[in-house]
Amino acid sequence: MASASASKYNSHSLENESIKKVSQDGVSQDVSETVPRLPGELPITEKEVIYICPFNGPIKGRVYITNYRLYLRSLETAEQNQRPGLENCRAWTRTCRKDLTDLSRSLARKGRDKDVLTLPLFAFVNEEKFNVDGWTVYNPVEEYRRQGLPNHHWRISFINKCYELCETYPALLVVPYRTSDDDLRRIATFRSRNRLPVLSWIHPENKMVIMRCSQPLVGMSGKRNKDDEKYLDVIRETNKQTSKLMIYDARPSVNAVANKATGGGYESDDAYQNSELSFLDIHNIHVMRESLKKVKDIVYPNIEESHWLSSLESTHWLEHIKLVLTGAIQVADQVSSGKSSVLVHCSDGWDRTAQLTSLAMLMSDSFYRTIEGFEILVQKEWISFGHKFASRIGHGDKNHADADRSPIFLQFIDCVWQMSKQFPTAFEFNEGFLITVLDHLYSCRFGTFLFNCDSARERQKLTERTVSLWSLINSNKDKFKNPFYTKEINRVLYPVASMRHLELWVNYYIRWNPRVKQQQPNPVEQRYMELLALRDDYIKRLEELQLANSAKLADAPASTSSSSQMVPHVQTHF
């Protein structure tokens, strides 16, 4: 269940519920209020509570619980309702113990009648309608065709169409032309979770590639697999310009060595003589989870201004962002400069690997910096290649302390935001787009980020039973566009990944704290948007005048001289 104290949605996706209130003294209040509800959202219970706001103290209100979320409305005077923070206390809320106990009992009673406690995720009952079907955004065949694939070096394999080769990979894989499906089966047995090396992206000019996979199953005894070794040679030989294949292991070297004890490991120089291995020192999911917890601790509920910089440093969050960006820069540079093709992996190839491949592709390919291109990038490198969204976010799981929880995708979006700050004209989407993606990562309003892999999504018929987040975004693209965007082809972005150039994303992490002044929209950006709107208005008026003149000319007598038929010149500011 998601909580919202003052959610605002598009009018086309809302239902209104009229609620009449009675004061404590029994006097009927002639007040008509509306609690916003989405199509498919049904009320369950409501109760007056005392909300202990961490910023403004106790606030008397009424809590409404639906099959989707918790909605808190203040019952105080209009003047008190305007107090800052009342609408921004969504996160980490709590009510009086007695009120909470009564509310829980009420829910339990209704649960026996309506099976409330086993309700499906709201995405499966969401009845919103949009004029765009977001599920059609990503078509793997079309995306690989855009990259120029297949070609005489690379082919599309359907060996995994029933997810029998690798349950957590997509049905369609791009592999070397010379490698047969039988070879792929033998290679998969030597990679963790059968996640064998497959192609993510190919450079349009030099034909270097970015491959992704999981760690080899070397173990303490130093096992080898001739098929896997030969396969990496075949990958290298698809491009005759280089003599080495660069392997980037996202882990710290000490962790990679430790993984041998559990059957994993890394590519040794002896076994993979035509490859070069580099460790990127990015820490695991547990370190990232604890780092984000520390960020929460320094921004909520109080921010100590006097110790802000040292407190932020102690979280190590920006250090982790720096390491992820640094690794992605190395991958992008290796491929874009034509030095060599690249193979990326971590342990299982669905966390740090996804961060590195998707960021490197974002840096290298300007298509992914458009709204639709970014949606395709997320669908391809994160969703279809099996990032464990269900495990990392915990959708529908009451065990919030599960060790599998980790903000890996959030960290990726943070890296994208850092890039957009350094290259303000390079991205078609704005900050609001990134925040919307993250909000619905957790909201369970859409089916986009549900389940761990495509095989599970197909079993649940996700595209038939839920709405895509991209439907919401693509039906109102103008809201998410960056007015400074300048389309560029084949420009590689190399962000500066130093602590001096990285900053905490205040508009995301601290947006609910009323005591922190929010970063207001850039006045230059606002003025530019106004000018764009003015331009569009003038163009529309010009077209109307031209149509009107055309109609007049069509009705004019045939004898009218050609000089009198000339359309008068229309002047505009543009």
Step by step, work out the side chain to side chain contact (heavy atoms under 4.5 Å, CB included) result for Lys388 and Ile408.
CA-CA 10 Å; Lys388 299 172 66 177; Ile408 302 302; over 6 Å; no
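- Heavy atoms only, all atoms of each residue included: Asn67 and Leu42 are closest at OD1-N, 2.7 Å.
- Annotation: cation-pi geometry satisfied between Arg146 and Tyr368 (NZ/CZ under 6.0 angstrom from ring centroid, within 45° of ring axis).
- No donor-acceptor distance shorter than 3.5 angstrom exists from the side chain of Thr66 to the backbone of Glu41, with no hydrogens or angles considered.
- Seen from the ring of Phe385, Arg212 counts as a face-on cation partner, given the 6.0 Å and 45° thresholds.
- The existence of a salt bridge linking Lys477 and Glu428 is excluded, since no basic side-chain nitrogen approaches an acidic carboxylate oxygen closer than 4.0 Å.
- Taking every heavy atom of both residues into account, Arg511 and Asn507 meet most closely at CB-O, 3.2 Å.
- Using modelled atom types, no side-chain atom of Glu319 and backbone atom of His316 make a donor-acceptor pair closer than 3.5 Å.
- Ser314 places a side-chain N or O within donor-acceptor distance of the main-chain N or O of Ser311, the cut-off being under 3.5 Å.
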Would you check, one step at a time, whether the test side chain to side chain contact (heavy atoms under 4.5 Å, CB included) holds for Ser200 with Glu381?
CA-CA 8 Å; Ser200 282; Glu381 290 300 298; 3.1 Å; yes
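- The two residues Val496 and Leu502 make their nearest non-hydrogen contact at O-CD2, 4.3 Å.
- In terms of the ring-ring contact (aromatic ring centres under 6.0 Å, His included) criterion, residue partners of His387 (sequence neighbours excluded) are, by chain and number, Trp382, Phe389.
- Going from atom CG of Asn430 over to atom CH2 of Trp417 covers 13.5 Å, rounded to the nearest 0.5 Å.
- Using a 4.5 Å heavy-atom threshold, the side chains of Val287 and His320 count as touching.
- Listed by first and then second residue, the side-chain hydrogen bond (donor to acceptor under 3.5 Å, both in side chains) pairs that reach into residues 405-415 are Trp317-Asp414, Gln355-Gln411, Asp397-Arg405, Asp414-Gln418, Asp414-Tyr509, sequence neighbours excluded.
- In this structure, CD1 on Ile210 lies 9.5 Å from OG on Ser358, to the nearest 0.5 angstrom.
- Contact of the Thr353 side chain with the Leu356 side chain is not registered, since no non-hydrogen atoms from C-beta on lie closer than 4.5 Å.
- What you find for Ser347 and Asn259 is that their closest heavy atoms are OG-ND2, 3.6 Å.
- A salt bridge is defined here as a Lys NZ or Arg NE, NH1 or NH2 lying under 4.0 Å from an Asp or Glu carboxylate O, and Arg457 with Asp454 meets this definition.
- No side-chain heavy atom of Val174 sits under 4.5 Å from any side-chain heavy atom of Val198.
- Classified by interplanar angle (parallel below 30°, tilted 30° to 60°, perpendicular above 60°), the ring pair Phe429/Phe374 is tilted.
- Residues Val175 and Arg155 form a side-chain contact, since some pair of their non-hydrogen atoms from C-beta on lies under 4.5 Å apart.
- Judged by distance alone, with hydrogens and angles left aside, the side-chain atoms of Asn474 form no donor-acceptor pair with the main-chain N or O of Glu372 at under 3.5 Å.
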Apply side chain to side chain contact (heavy atoms under 4.5 Å, CB included) to the pair Gln334 and Met208, showing each step before the final yes or no.
CA-CA 9 Å; Gln334 195 76 18; Met208 301 295 176; over 6 Å; no
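- Between Thr466 and Ala123, the shortest heavy-atom contact is CG2-O, 3.6 Å.
- A donor atom on one side chain and an acceptor atom on the other are found under 3.5 Å apart for Glu431 and Trp505.
- Side-chain contact between Asn490 and Ser366 is absent, with no heavy atoms from C-beta onward closer than 4.5 Å.
- Side-chain atoms of Asp348 do not come within 3.5 Å of backbone N or O of Trp350 as any donor-acceptor pair.
- Within the structure, the side-chain hydrogen bond (donor to acceptor under 3.5 Å, both in side chains) test picks out the following pairs touching residues 160-174 (sequence neighbours left out): Tyr163-Glu458, Thr168-Arg195.
- When all heavy atoms of Ser214 and Arg191 are compared, the pair lying nearest together is O-NH1, 2.9 Å.
- Annotation: the span from Leu280 atom CG to Arg251 atom CZ amounts to 11.0 Å, rounded to 0.5 Å.
- Atom CG of residue Leu172 and atom CD1 of residue Ile159 lie 12.0 Å apart, to the nearest 0.5 angstrom.
- The main-chain N or O of Asp333 is never found under 3.5 Å from a side-chain atom of Ser336 such that the two would form a donor-acceptor pair.
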Determine whether Phe409 and Phe449 satisfy the following criterion, ring pair (Phe, Tyr, Trp, His ring centres under 6.0 Å), listing intermediate values before the conclusion.
CA-CA 10 Å; Phe409 186 76; Phe449 298 117; 5.4 Å; yes
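- We find the OG1-CG distance between Thr357 and Leu377 to be 7.5 Å, quoted to the nearest 0.5 Å.
- Electrostatic pairing of Glu290 and Lys293 counts as a salt bridge here, judged by a charged N lying under 4.0 Å from a carboxylate O.
- Note that the CG atom of Asn482 and the OG atom of Ser420 stand 8.5 Å from one another [nearest 0.5 Å].
- Using cut-offs of 30° and 60° for the angle between ring planes, the Phe446 and His440 rings count as perpendicular.
- Side-chain atoms of Tyr485 and Thr370, non-hydrogen and from C-beta on, do get closer than 4.5 Å to each other.
- Using a 4.5 Å cut-off on side-chain heavy atoms (C-beta onward), Ile435 and Phe480 make no contact.
- In this model, a donor atom of one side chain and an acceptor atom of the other lie less than 3.5 Å apart for Glu143 and Gln147.
- Proximity of Met363 to Leu325: side-chain heavy atoms (C-beta onward) are separated by under 4.5 Å at one or more points.
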Start with the C-alpha distance between Phe279 and Tyr266, add both sets of side-chain angles, then the distance that settles side chain to side chain contact (heavy atoms under 4.5 Å, CB included), and finish with yes or no.
CA-CA 10 Å; Phe279 294 102; Tyr266 55 91; 4.0 Å; yes
